[in-house]
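These notes concern the structure reproduced below.
Keep in mind that what you see is a predicted model, and the values were worked out from it rather than measured.
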Amino acid sequence: MHTLLSSYDPVMYSRVLTGLTLAFHIIFATIGVGVPLMIALAEWIGIRRNDEHYLLMARRWARGFVITVAVGVVTGTAIGLQLSLLWPSFMRVAGQSIALPLFMETFAFFFEAIFLGIYLYTWDRFKNKLTHFWLLIPVVIGSSASAFFITVVNAFMNAPAGVTVKDGKITDISPFGAMLSPAMPTKVSHVLVTAYLTCAFVLAAIAAWSLLMGRNHIYYKKALKLTMVAAFVFLISSAVIGDLSGKYLAKYQPEKLAAMEWHFDTTKQAPLVLGGILTDNNEVKYGLKIPYALSILAHGLPNAEVTGLNDIPADEQPPLYIHYLFDLKMGFVALMVLIAGAFMVLLWRKRERVFENKWLLRGIILAAPLAMMTIEHGWIFSEVGRQPWLLRGIMRTEEGATVSEHVDTMLYVFAALYVVLAFSSVTVLIRMFRSNRAEDEIAAKGIEGGSEL
(Lines give C-alpha, C1' and ligand atoms only; values in the text may rest on other atoms or scores of the structure.)
Protein backbone atom coordinates (compact mmCIF):
# COMPACT_ATOMS: atom_id res chain seq x y z
CA MET A 1 0.00 0.00 0.00
CA HIS A 2 2.86 2.37 0.75
CA THR A 3 4.10 2.01 -2.84
CA LEU A 4 0.63 2.53 -4.24
CA LEU A 5 0.06 5.64 -2.16
CA SER A 6 3.57 7.10 -2.26
CA SER A 7 2.36 9.81 -4.65
CA TYR A 8 -1.05 11.36 -4.34
CA ASP A 9 -3.63 9.76 -6.62
CA PRO A 10 -7.28 10.55 -5.80
CA VAL A 11 -8.52 7.48 -7.70
CA MET A 12 -6.29 5.11 -5.76
CA TYR A 13 -7.04 6.79 -2.43
CA SER A 14 -10.77 6.60 -3.22
CA ARG A 15 -10.48 2.89 -4.00
CA VAL A 16 -8.50 2.20 -0.83
CA LEU A 17 -10.89 4.16 1.40
CA THR A 18 -13.98 2.58 -0.15
CA GLY A 19 -12.40 -0.86 0.11
CA LEU A 20 -11.45 -0.31 3.76
CA THR A 21 -14.98 0.84 4.60
CA LEU A 22 -16.59 -2.10 2.81
CA ALA A 23 -14.18 -4.58 4.41
CA PHE A 24 -15.06 -3.28 7.88
CA HIS A 25 -18.76 -2.80 7.23
CA ILE A 26 -19.25 -6.24 5.73
CA ILE A 27 -18.41 -7.87 9.07
CA PHE A 28 -21.31 -6.15 10.79
CA ALA A 29 -23.56 -6.31 7.73
CA THR A 30 -23.09 -10.08 7.58
CA ILE A 31 -23.91 -10.43 11.27
CA GLY A 32 -26.89 -8.12 10.77
CA VAL A 33 -28.29 -10.36 8.05
CA GLY A 34 -27.54 -13.79 9.50
CA VAL A 35 -28.06 -13.52 13.25
CA PRO A 36 -31.80 -12.62 13.10
CA LEU A 37 -32.47 -15.87 11.27
CA MET A 38 -30.53 -17.85 13.88
CA ILE A 39 -32.43 -16.07 16.67
CA ALA A 40 -35.70 -16.99 14.95
CA LEU A 41 -34.66 -20.65 14.66
CA ALA A 42 -33.71 -20.80 18.35
CA GLU A 43 -36.93 -19.15 19.54
CA TRP A 44 -39.09 -21.28 17.25
CA ILE A 45 -37.50 -24.50 18.51
CA GLY A 46 -37.83 -23.29 22.10
CA ILE A 47 -41.54 -22.63 21.67
CA ARG A 48 -42.27 -25.85 19.80
CA ARG A 49 -40.36 -28.01 22.33
CA ASN A 50 -41.24 -25.87 25.35
CA ASP A 51 -37.50 -25.68 25.97
CA GLU A 52 -36.35 -22.65 27.93
CA HIS A 53 -32.72 -23.26 26.92
CA TYR A 54 -33.48 -22.36 23.31
CA LEU A 55 -35.54 -19.36 24.38
CA LEU A 56 -32.63 -18.12 26.48
CA MET A 57 -30.38 -18.74 23.49
CA ALA A 58 -32.53 -16.44 21.37
CA ARG A 59 -32.60 -13.80 24.11
CA ARG A 60 -28.81 -13.80 24.59
CA TRP A 61 -28.07 -13.71 20.86
CA ALA A 62 -30.48 -10.77 20.52
CA ARG A 63 -28.57 -8.81 23.17
CA GLY A 64 -25.31 -9.14 21.29
CA PHE A 65 -27.02 -8.47 17.98
CA VAL A 66 -28.05 -4.99 19.10
CA ILE A 67 -24.40 -3.97 19.54
CA THR A 68 -23.46 -5.09 16.04
CA VAL A 69 -26.49 -3.30 14.57
CA ALA A 70 -25.38 -0.04 16.17
CA VAL A 71 -21.90 -0.32 14.62
CA GLY A 72 -23.40 -1.41 11.30
CA VAL A 73 -25.46 1.79 11.21
CA VAL A 74 -22.32 3.92 11.55
CA THR A 75 -20.36 2.07 8.86
CA GLY A 76 -23.38 1.90 6.56
CA THR A 77 -23.77 5.66 6.86
CA ALA A 78 -20.08 6.04 6.03
CA ILE A 79 -20.57 4.06 2.82
CA GLY A 80 -23.45 6.28 1.75
CA LEU A 81 -21.37 9.37 2.46
CA GLN A 82 -18.38 8.04 0.56
CA LEU A 83 -20.42 7.09 -2.49
CA SER A 84 -21.43 10.72 -2.85
CA LEU A 85 -18.05 12.25 -2.00
CA LEU A 86 -15.63 9.80 -3.60
CA TRP A 87 -17.62 8.66 -6.64
CA PRO A 88 -19.65 11.72 -7.72
CA SER A 89 -19.58 10.96 -11.47
CA PHE A 90 -20.71 7.41 -10.85
CA MET A 91 -23.60 8.51 -8.64
CA ARG A 92 -24.60 11.16 -11.16
CA VAL A 93 -24.74 8.62 -14.00
CA ALA A 94 -25.80 5.40 -12.28
CA GLY A 95 -27.94 7.08 -9.63
CA GLN A 96 -30.62 7.67 -12.22
CA SER A 97 -31.12 3.95 -12.64
CA ILE A 98 -30.34 2.50 -9.20
CA ALA A 99 -31.95 5.12 -6.95
CA LEU A 100 -34.93 2.83 -6.29
CA PRO A 101 -33.00 -0.06 -4.65
CA LEU A 102 -30.90 2.43 -2.70
CA PHE A 103 -34.06 4.00 -1.32
CA MET A 104 -35.64 0.60 -0.63
CA GLU A 105 -32.53 -0.50 1.27
CA THR A 106 -32.98 2.44 3.64
CA PHE A 107 -36.68 1.65 4.01
CA ALA A 108 -35.88 -2.01 4.77
CA PHE A 109 -33.46 -0.97 7.50
CA PHE A 110 -36.02 1.28 9.20
CA PHE A 111 -38.58 -1.53 8.94
CA GLU A 112 -36.12 -3.87 10.66
CA ALA A 113 -35.12 -1.35 13.34
CA ILE A 114 -38.72 -0.57 14.35
CA PHE A 115 -39.66 -4.19 14.90
CA LEU A 116 -36.31 -5.00 16.53
CA GLY A 117 -37.05 -2.38 19.19
CA ILE A 118 -40.53 -3.80 19.77
CA TYR A 119 -39.16 -7.36 19.86
CA LEU A 120 -36.45 -6.55 22.42
CA TYR A 121 -38.81 -4.80 24.84
CA THR A 122 -41.65 -7.32 24.76
CA TRP A 123 -39.99 -10.44 26.15
CA ASP A 124 -42.38 -12.21 28.57
CA ARG A 125 -45.14 -9.69 27.80
CA PHE A 126 -47.47 -12.13 26.01
CA LYS A 127 -49.23 -15.22 27.31
CA ASN A 128 -48.85 -16.84 23.90
CA LYS A 129 -45.12 -17.00 23.22
CA LEU A 130 -45.74 -17.22 19.49
CA THR A 131 -46.93 -13.61 19.55
CA HIS A 132 -43.46 -12.49 20.54
CA PHE A 133 -41.90 -14.77 17.93
CA TRP A 134 -43.97 -13.23 15.13
CA LEU A 135 -42.53 -9.82 16.03
CA LEU A 136 -39.13 -11.19 15.00
CA ILE A 137 -40.21 -12.15 11.49
CA PRO A 138 -40.21 -8.52 10.21
CA VAL A 139 -36.66 -8.19 11.61
CA VAL A 140 -35.55 -11.26 9.62
CA ILE A 141 -37.33 -9.99 6.51
CA GLY A 142 -36.02 -6.44 6.92
CA SER A 143 -32.40 -7.48 7.44
CA SER A 144 -32.44 -9.83 4.45
CA ALA A 145 -34.30 -7.26 2.33
CA SER A 146 -31.66 -4.67 3.17
CA ALA A 147 -28.96 -7.04 1.88
CA PHE A 148 -31.12 -7.85 -1.14
CA PHE A 149 -31.50 -4.24 -2.27
CA ILE A 150 -27.87 -3.20 -1.77
CA THR A 151 -26.72 -6.33 -3.60
CA VAL A 152 -29.07 -5.45 -6.45
CA VAL A 153 -27.07 -2.23 -6.84
CA ASN A 154 -23.82 -4.19 -6.98
CA ALA A 155 -25.35 -6.61 -9.49
CA PHE A 156 -26.23 -3.66 -11.74
CA MET A 157 -22.62 -2.48 -11.56
CA ASN A 158 -21.45 -5.88 -12.79
CA ALA A 159 -24.08 -6.33 -15.49
CA PRO A 160 -26.02 -3.12 -16.26
CA ALA A 161 -29.59 -3.70 -17.44
CA GLY A 162 -32.77 -1.74 -17.97
CA VAL A 163 -30.95 1.19 -19.59
CA THR A 164 -29.82 2.37 -23.02
CA VAL A 165 -26.39 3.95 -23.43
CA LYS A 166 -25.91 6.65 -26.08
CA ASP A 167 -22.68 8.64 -26.36
CA GLY A 168 -21.63 7.48 -22.91
CA LYS A 169 -24.90 8.63 -21.31
CA ILE A 170 -27.65 6.48 -19.83
CA THR A 171 -31.08 6.98 -21.41
CA ASP A 172 -34.42 5.15 -21.54
CA ILE A 173 -34.18 4.11 -17.90
CA SER A 174 -36.35 1.32 -16.52
CA PRO A 175 -35.88 1.27 -12.70
CA PHE A 176 -37.34 -2.22 -12.34
CA GLY A 177 -35.43 -3.43 -15.37
CA ALA A 178 -32.21 -2.15 -13.78
CA MET A 179 -33.01 -4.16 -10.65
CA LEU A 180 -33.43 -7.30 -12.74
CA SER A 181 -29.80 -7.43 -13.84
CA PRO A 182 -28.56 -10.84 -15.05
CA ALA A 183 -26.18 -10.80 -12.08
CA MET A 184 -28.98 -10.27 -9.55
CA PRO A 185 -30.22 -13.87 -8.92
CA THR A 186 -26.83 -15.43 -8.21
CA LYS A 187 -25.36 -12.42 -6.39
CA VAL A 188 -28.34 -11.91 -4.08
CA SER A 189 -28.74 -15.59 -3.24
CA HIS A 190 -25.00 -15.98 -2.67
CA VAL A 191 -24.82 -12.95 -0.35
CA LEU A 192 -27.80 -14.08 1.72
CA VAL A 193 -26.83 -17.73 2.07
CA THR A 194 -23.19 -16.98 2.92
CA ALA A 195 -24.32 -14.45 5.55
CA TYR A 196 -26.52 -17.11 7.16
CA LEU A 197 -23.65 -19.61 6.92
CA THR A 198 -21.09 -17.26 8.47
CA CYS A 199 -23.32 -16.34 11.40
CA ALA A 200 -24.09 -20.01 12.06
CA PHE A 201 -20.35 -20.68 12.31
CA VAL A 202 -19.72 -17.60 14.48
CA LEU A 203 -22.39 -18.65 16.98
CA ALA A 204 -21.18 -22.26 16.82
CA ALA A 205 -17.65 -21.10 17.64
CA ILE A 206 -18.90 -19.35 20.79
CA ALA A 207 -20.61 -22.55 21.96
CA ALA A 208 -17.58 -24.66 21.02
CA TRP A 209 -15.27 -22.33 22.96
CA SER A 210 -17.46 -22.63 26.06
CA LEU A 211 -17.42 -26.45 25.85
CA LEU A 212 -13.66 -26.46 25.27
CA MET A 213 -13.22 -24.33 28.39
CA GLY A 214 -14.99 -27.01 30.44
CA ARG A 215 -18.41 -25.37 30.65
CA ASN A 216 -20.17 -28.64 29.93
CA HIS A 217 -23.72 -27.33 30.30
CA ILE A 218 -26.40 -28.75 28.03
CA TYR A 219 -27.24 -25.20 26.89
CA TYR A 220 -23.97 -25.03 24.95
CA LYS A 221 -24.52 -28.48 23.47
CA LYS A 222 -27.92 -27.44 22.19
CA ALA A 223 -26.49 -24.22 20.80
CA LEU A 224 -23.68 -26.09 19.05
CA LYS A 225 -26.03 -28.65 17.54
CA LEU A 226 -28.46 -26.02 16.23
CA THR A 227 -25.77 -23.81 14.71
CA MET A 228 -23.70 -26.58 13.14
CA VAL A 229 -26.69 -28.31 11.56
CA ALA A 230 -27.72 -24.93 10.13
CA ALA A 231 -24.15 -24.32 8.89
CA PHE A 232 -24.13 -27.69 7.12
CA VAL A 233 -27.41 -26.91 5.34
CA PHE A 234 -26.19 -23.46 4.28
CA LEU A 235 -22.90 -24.95 3.03
CA ILE A 236 -24.80 -27.25 0.69
CA SER A 237 -26.91 -24.31 -0.52
CA SER A 238 -23.84 -22.13 -1.11
CA ALA A 239 -22.22 -24.90 -3.17
CA VAL A 240 -25.23 -25.02 -5.50
CA ILE A 241 -25.28 -21.23 -5.83
CA GLY A 242 -21.52 -21.18 -6.43
CA ASP A 243 -21.98 -23.51 -9.39
CA LEU A 244 -24.67 -21.22 -10.82
CA SER A 245 -22.38 -18.22 -10.28
CA GLY A 246 -19.74 -19.86 -12.45
CA LYS A 247 -22.26 -20.27 -15.24
CA TYR A 248 -23.33 -16.65 -14.90
CA LEU A 249 -19.71 -15.49 -15.24
CA ALA A 250 -19.16 -17.63 -18.32
CA LYS A 251 -22.08 -15.95 -20.06
CA TYR A 252 -21.97 -12.35 -18.85
CA GLN A 253 -18.46 -11.71 -17.44
CA PRO A 254 -16.15 -14.18 -19.25
CA GLU A 255 -13.12 -11.98 -18.57
CA LYS A 256 -13.53 -12.44 -14.82
CA LEU A 257 -13.89 -16.21 -15.14
CA ALA A 258 -10.86 -16.44 -17.43
CA ALA A 259 -8.71 -14.26 -15.16
CA MET A 260 -9.60 -16.19 -12.02
CA GLU A 261 -8.54 -19.45 -13.69
CA TRP A 262 -5.61 -18.11 -15.73
CA HIS A 263 -7.39 -19.35 -18.83
CA PHE A 264 -5.83 -17.60 -21.84
CA ASP A 265 -6.79 -19.60 -24.93
CA THR A 266 -10.41 -20.17 -25.88
CA THR A 267 -10.66 -23.95 -25.81
CA LYS A 268 -12.96 -26.85 -25.17
CA GLN A 269 -12.40 -29.31 -22.33
CA ALA A 270 -10.87 -26.48 -20.29
CA PRO A 271 -9.18 -27.50 -17.01
CA LEU A 272 -9.61 -25.72 -13.71
CA VAL A 273 -6.29 -24.49 -12.28
CA LEU A 274 -5.53 -24.41 -8.57
CA GLY A 275 -2.49 -22.52 -7.31
CA GLY A 276 0.59 -22.24 -9.45
CA ILE A 277 2.87 -19.48 -10.68
CA LEU A 278 2.30 -17.52 -13.87
CA THR A 279 5.33 -16.97 -16.12
CA ASP A 280 5.96 -14.02 -18.42
CA ASN A 281 4.67 -16.14 -21.31
CA ASN A 282 1.37 -16.74 -19.49
CA GLU A 283 2.25 -20.35 -18.76
CA VAL A 284 1.15 -21.86 -15.47
CA LYS A 285 3.83 -23.69 -13.49
CA TYR A 286 3.37 -25.81 -10.37
CA GLY A 287 -0.40 -25.50 -10.57
CA LEU A 288 -2.85 -28.36 -10.09
CA LYS A 289 -5.01 -28.77 -13.18
CA ILE A 290 -8.34 -30.58 -12.87
CA PRO A 291 -9.30 -31.82 -16.36
CA TYR A 292 -12.63 -30.62 -17.83
CA ALA A 293 -13.57 -28.88 -14.54
CA LEU A 294 -13.64 -25.32 -15.90
CA SER A 295 -15.83 -26.34 -18.85
CA ILE A 296 -18.20 -28.07 -16.44
CA LEU A 297 -18.24 -25.05 -14.10
CA ALA A 298 -18.85 -22.66 -16.99
CA HIS A 299 -21.40 -24.57 -19.04
CA GLY A 300 -22.14 -27.86 -17.29
CA LEU A 301 -20.53 -29.95 -20.04
CA PRO A 302 -16.96 -31.35 -20.17
CA ASN A 303 -16.59 -30.52 -23.88
CA ALA A 304 -17.94 -26.96 -23.61
CA GLU A 305 -15.88 -24.09 -24.97
CA VAL A 306 -14.64 -21.50 -22.47
CA THR A 307 -13.58 -18.02 -23.58
CA GLY A 308 -9.94 -17.20 -22.90
CA LEU A 309 -8.31 -13.91 -21.92
CA ASN A 310 -6.56 -13.67 -25.30
CA ASP A 311 -9.96 -12.93 -26.83
CA ILE A 312 -10.58 -10.07 -24.39
CA PRO A 313 -9.11 -6.60 -25.16
CA ALA A 314 -6.03 -6.03 -23.01
CA ASP A 315 -7.44 -2.83 -21.50
CA GLU A 316 -10.57 -4.69 -20.31
CA GLN A 317 -8.84 -7.57 -18.54
CA PRO A 318 -9.05 -7.83 -14.72
CA PRO A 319 -5.87 -8.14 -12.60
CA LEU A 320 -4.59 -11.70 -12.76
CA TYR A 321 -3.97 -11.93 -9.01
CA ILE A 322 -7.67 -12.58 -8.51
CA HIS A 323 -6.72 -16.19 -9.25
CA TYR A 324 -5.13 -16.40 -5.80
CA LEU A 325 -8.11 -14.68 -4.18
CA PHE A 326 -10.42 -17.29 -5.65
CA ASP A 327 -8.12 -20.15 -4.63
CA LEU A 328 -7.89 -18.86 -1.05
CA LYS A 329 -11.64 -18.52 -0.89
CA MET A 330 -12.19 -22.07 -2.13
CA GLY A 331 -9.53 -23.35 0.28
CA PHE A 332 -11.45 -21.81 3.18
CA VAL A 333 -14.67 -23.34 1.90
CA ALA A 334 -13.05 -26.78 1.69
CA LEU A 335 -11.94 -26.55 5.33
CA MET A 336 -15.45 -25.49 6.42
CA VAL A 337 -16.98 -28.41 4.53
CA LEU A 338 -14.55 -30.78 6.24
CA ILE A 339 -15.35 -29.41 9.70
CA ALA A 340 -19.13 -29.33 9.23
CA GLY A 341 -19.13 -32.76 7.60
CA ALA A 342 -17.08 -34.24 10.46
CA PHE A 343 -19.52 -32.78 13.00
CA MET A 344 -22.55 -34.24 11.20
CA VAL A 345 -20.96 -37.69 10.92
CA LEU A 346 -19.94 -37.75 14.58
CA LEU A 347 -23.33 -36.40 15.65
CA TRP A 348 -24.99 -39.25 13.78
CA ARG A 349 -22.62 -41.99 14.97
CA LYS A 350 -21.64 -40.80 18.46
CA ARG A 351 -24.32 -38.37 19.52
CA GLU A 352 -22.99 -37.35 22.93
CA ARG A 353 -19.26 -37.75 22.32
CA VAL A 354 -19.30 -35.19 19.51
CA PHE A 355 -19.41 -32.49 22.19
CA GLU A 356 -16.32 -33.93 23.90
CA ASN A 357 -14.05 -34.09 20.84
CA LYS A 358 -11.55 -31.32 21.51
CA TRP A 359 -10.04 -31.38 18.03
CA LEU A 360 -13.47 -30.96 16.47
CA LEU A 361 -14.30 -28.14 18.87
CA ARG A 362 -11.05 -26.41 17.90
CA GLY A 363 -11.95 -26.87 14.23
CA ILE A 364 -15.35 -25.27 14.78
CA ILE A 365 -13.70 -22.30 16.50
CA LEU A 366 -11.36 -21.97 13.51
CA ALA A 367 -14.30 -22.15 11.08
CA ALA A 368 -15.76 -18.85 12.32
CA PRO A 369 -12.89 -16.58 11.19
CA LEU A 370 -12.50 -18.73 8.06
CA ALA A 371 -16.14 -18.06 7.18
CA MET A 372 -15.72 -14.32 7.68
CA MET A 373 -12.49 -14.32 5.67
CA THR A 374 -14.32 -16.15 2.90
CA ILE A 375 -16.88 -13.34 2.84
CA GLU A 376 -14.08 -10.75 2.68
CA HIS A 377 -12.18 -12.58 -0.05
CA GLY A 378 -15.38 -13.09 -2.02
CA TRP A 379 -16.16 -9.37 -2.08
CA ILE A 380 -12.59 -8.40 -2.94
CA PHE A 381 -12.60 -10.96 -5.74
CA SER A 382 -15.93 -9.67 -7.03
CA GLU A 383 -14.94 -6.00 -7.01
CA VAL A 384 -11.36 -6.36 -8.26
CA GLY A 385 -12.53 -8.88 -10.85
CA ARG A 386 -14.82 -6.21 -12.35
CA GLN A 387 -11.88 -3.86 -13.01
CA PRO A 388 -11.17 -1.75 -14.96
CA TRP A 389 -14.92 -1.05 -14.90
CA LEU A 390 -16.84 0.76 -12.20
CA LEU A 391 -20.03 0.29 -14.19
CA ARG A 392 -19.21 -2.55 -16.55
CA GLY A 393 -19.14 -1.50 -20.20
CA ILE A 394 -20.25 2.04 -19.38
CA MET A 395 -17.89 3.76 -16.94
CA ARG A 396 -14.31 2.98 -15.99
CA THR A 397 -13.18 3.32 -12.39
CA GLU A 398 -11.00 6.39 -12.97
CA GLU A 399 -13.93 8.13 -14.72
CA GLY A 400 -16.20 7.82 -11.70
CA ALA A 401 -13.78 8.91 -8.97
CA THR A 402 -13.39 12.30 -7.35
CA VAL A 403 -10.54 14.67 -8.16
CA SER A 404 -10.46 16.11 -4.63
CA GLU A 405 -7.10 16.75 -3.00
CA HIS A 406 -8.14 15.63 0.47
CA VAL A 407 -9.09 11.96 0.10
CA ASP A 408 -5.92 10.95 1.91
CA THR A 409 -7.06 12.88 4.99
CA MET A 410 -10.44 11.15 4.83
CA LEU A 411 -8.67 7.79 4.69
CA TYR A 412 -6.78 8.44 7.91
CA VAL A 413 -9.85 9.81 9.71
CA PHE A 414 -12.07 6.88 8.77
CA ALA A 415 -9.34 4.34 9.53
CA ALA A 416 -9.09 5.80 13.05
CA LEU A 417 -12.88 5.67 13.38
CA TYR A 418 -12.95 1.99 12.46
CA VAL A 419 -10.24 1.19 15.01
CA VAL A 420 -12.31 2.87 17.72
CA LEU A 421 -15.50 1.12 16.64
CA ALA A 422 -13.81 -2.28 16.48
CA PHE A 423 -12.24 -1.92 19.93
CA SER A 424 -15.44 -0.58 21.48
CA SER A 425 -17.75 -3.23 20.06
CA VAL A 426 -15.44 -6.14 20.95
CA THR A 427 -14.92 -4.79 24.48
CA VAL A 428 -18.65 -4.32 25.09
CA LEU A 429 -19.55 -7.78 23.76
CA ILE A 430 -16.88 -9.53 25.81
CA ARG A 431 -17.87 -7.76 29.02
CA MET A 432 -21.56 -8.29 28.31
CA PHE A 433 -21.28 -12.08 28.16
CA ARG A 434 -18.22 -12.76 30.33
CA SER A 435 -19.96 -11.29 33.37
CA ASN A 436 -23.26 -13.00 32.57
CA ARG A 437 -22.65 -16.59 31.58
CA ALA A 438 -25.53 -18.66 30.26
CA GLU A 439 -25.32 -21.31 32.99
CA ASP A 440 -25.38 -18.62 35.68
CA GLU A 441 -28.45 -17.05 34.12
CA ILE A 442 -30.11 -20.46 33.90
CA ALA A 443 -29.42 -21.14 37.58
CA ALA A 444 -30.57 -17.68 38.67
CA LYS A 445 -33.87 -17.97 36.81
CA GLY A 446 -34.44 -21.61 37.68
CA ILE A 447 -34.83 -22.49 34.01
CA GLU A 448 -35.82 -26.04 33.20
CA GLY A 449 -35.58 -26.99 29.58
CA GLY A 450 -35.17 -30.73 29.71
CA SER A 451 -32.04 -32.74 28.93
CA GLU A 452 -32.85 -33.84 25.38
CA LEU A 453 -30.66 -32.47 22.61
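- The closest side-chain heavy-atom distance from T227 to V202 is not below 4.5 Å.
- The distance from atom CH2 of W359 to atom CG of L212, rounded to the nearest 0.5 Å, is 10.5 Å.
- Across all their heavy atoms, V11 and A401 have their closest contact at CG2-CB, 3.9 Å.
- Shown here for G242 and L297, the closest heavy-atom pair between the two residues is O-CD1, 4.4 Å.
- The shortest side-chain heavy-atom distance between L135 and F126 falls under the 4.5 Å cut-off.
- For F107, the CZ atom sits in a loose shell: 12 or fewer heavy atoms of surrounding residues, nucleotides or ligands are nearer than 6.0 Å.
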May I have the step-by-step check of side-chain hydrogen bond (donor to acceptor under 3.5 Å, both in side chains) for S143 and E112, ending in yes or no? CA-CA 6 Å; S143 61; E112 172 195 359; 4.7 Å; no
Please report the C-alpha distance between S210 and Y219 in whole Å, then the side-chain angles of each, then the deciding distance to 0.1 Å, and finally whether the side-chain hydrogen bond (donor to acceptor under 3.5 Å, both in side chains) criterion is met. CA-CA 10 Å; S210 299; Y219 168 90; over 6 Å; no
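- More than 12 non-hydrogen atoms from other residues, nucleotides or ligands lie less than 6.0 angstrom from OH of Y324.
- Between F176 atom CZ and L100 atom CG the span is 5.5 Å, to the nearest 0.5 Å.
- The environment of R215 atom CZ is dense: over 12 non-hydrogen atoms of other residues, nucleotides or ligands sit within 6.0 angstrom.
- Contact of the F156 side chain with the L391 side chain is registered, since non-hydrogen atoms from C-beta on lie closer than 4.5 Å.
- The side-chain heavy atoms of L421 and L417, taken from C-beta on, include a pair separated by under 4.5 Å.
- Judged by distance alone, with hydrogens and angles left aside, the side-chain atoms of S189 form a donor-acceptor pair with the main-chain N or O of P185 at under 3.5 Å.
- The minimum heavy-atom distance between H299 and A250, with the atom names listed, is CE1-CB, 3.9 Å.
- Ion pair D51/K222 flagged as a salt bridge, since at least one NZ, NE, NH1 or NH2 atom sits closer than 4.0 Å to an Asp/Glu carboxylate oxygen.
- For the atom pair I296 CD1 and K247 NZ, the distance stands at 8.5 Å (nearest 0.5 Å).
- F133 and W44 have tilted rings, their planes meeting at an angle from 30° to 60° on a 0 to 90° scale.
- Of the possible donor and acceptor atoms, one in the side chain of Q387 sits under 3.5 Å from a partner among the backbone N and O of E383.
- The minimum heavy-atom distance between S237 and V193, with the atom names listed, is CB-CG1, 3.9 Å.
- Between the S144 side chain and the I141 main chain, no donor and acceptor come within less than 3.5 Å of each other.
- The aromatic rings of H377 and F332 sit perpendicular to each other, their planes meeting at more than 60°, with 30° as the lower class boundary.
- Here the shortest heavy-atom pairing between S146 and A108 reads N-CB, 3.7 Å.
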side-chain contact (heavy atoms from CB on, under 4.5 Å), that's the test. Do M38 and L41 meet it? Break it down for me. CA-CA 5 Å; M38 298 306 301; L41 288 174; 4.1 Å; yes
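- Below 30°, between 30° and 60°, or above 60°: for Y412 and Y13 the angle between ring planes is above 60°, a perpendicular geometry.
- Considering W379, F414, Y418 in turn, Y418 is the only one that fulfils the ring-ring contact (aromatic ring centres under 6.0 Å, His included) rule with F24.
- The aromatic rings of W123 and Y119 lie perpendicular to each other, with more than 60° between the two planes, well past the 30° mark.
- Although no hydrogens or angles enter the test, the distance criterion places no donor-acceptor pair under 3.5 Å between the side chain of T198 and the main chain of A195.
- Between V66 and V69, every side-chain heavy-atom pair lies at or beyond the 4.5 Å cut-off.
- Counting heavy atoms from C-beta on, the side chains of Y196 and V233 never come closer than 4.5 Å.
- A distance-only check finds a donor-acceptor pair linking the side chain of S14 to the backbone of P10 [under 3.5 Å].
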Decide side-chain contact (heavy atoms from CB on, under 4.5 Å) for V354 and V345; before the verdict, give the C-alpha distance in whole Å, the side-chain angles of both, and the deciding distance to 0.1 Å. CA-CA 9 Å; V354 68; V345 170; over 6 Å; no
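- The OG1 atom of T402 sits 8.5 Å away from atom CE of M410, with the distance rounded to the nearest 0.5 Å.
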Step-by-step salt bridge (Lys or Arg N to Asp or Glu O under 4.0 Å) determination, E255 to R392: CA-CA 11 Å; E255 71 282 357; R392 186 178 180 272; 2.9 Å; yes
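- With hydrogens and angles ignored, the 3.5 Å screen pairs a side-chain donor or acceptor of R386 with a backbone N or O of L390.
- Atom CG of residue N154 and atom CG of residue L22 lie 9.0 Å apart, to the nearest 0.5 angstrom.
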Quick one: do K187 and S181 satisfy side-chain hydrogen bond (donor to acceptor under 3.5 Å, both in side chains)? Show the steps, please. CA-CA 10 Å; K187 273 197 168 293; S181 161; over 6 Å; no
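- Panel note: side chain E399, backbone R396; a donor-acceptor pair is recorded below 3.5 Å.
- Residues L86 and L17 form a side-chain contact, since some pair of their non-hydrogen atoms from C-beta on lies under 4.5 Å apart.
- A heavy-atom distance below 4.5 Å is found between the side chains of F201 and M228.
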From CA spacing to verdict: side-chain contact (heavy atoms from CB on, under 4.5 Å), V73, F109: CA-CA 9 Å; V73 170; F109 170 75; 3.2 Å; yes
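- Salt bridge annotation for E261-K256: absent, with no cationic side-chain nitrogen under 4.0 angstrom from a carboxylate oxygen.
- Note that CZ of F234 and CD1 of I241 are 10.5 Å apart. Values are rounded to the nearest 0.5 Å.
- Of the possible donor and acceptor atoms, none in the side chain of K129 sits under 3.5 Å from a partner among the backbone N and O of D124.
- The nearest pair of heavy atoms linking L197 to A231 is CD1-O, 3.4 Å.
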Should T68 and V35 be marked as a side-chain contact (heavy atoms from CB on, under 4.5 Å) after you check the CA-CA gap, both sets of side-chain angles, and the distance that decides it? CA-CA 10 Å; T68 61; V35 169; over 6 Å; no
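- If you look at Y252 and Y248, their ring centroids are closer than 6.0 Å.
- Without hydrogens or angle criteria, T75 side chain to H25 main chain gives no donor-acceptor distance under 3.5 Å.
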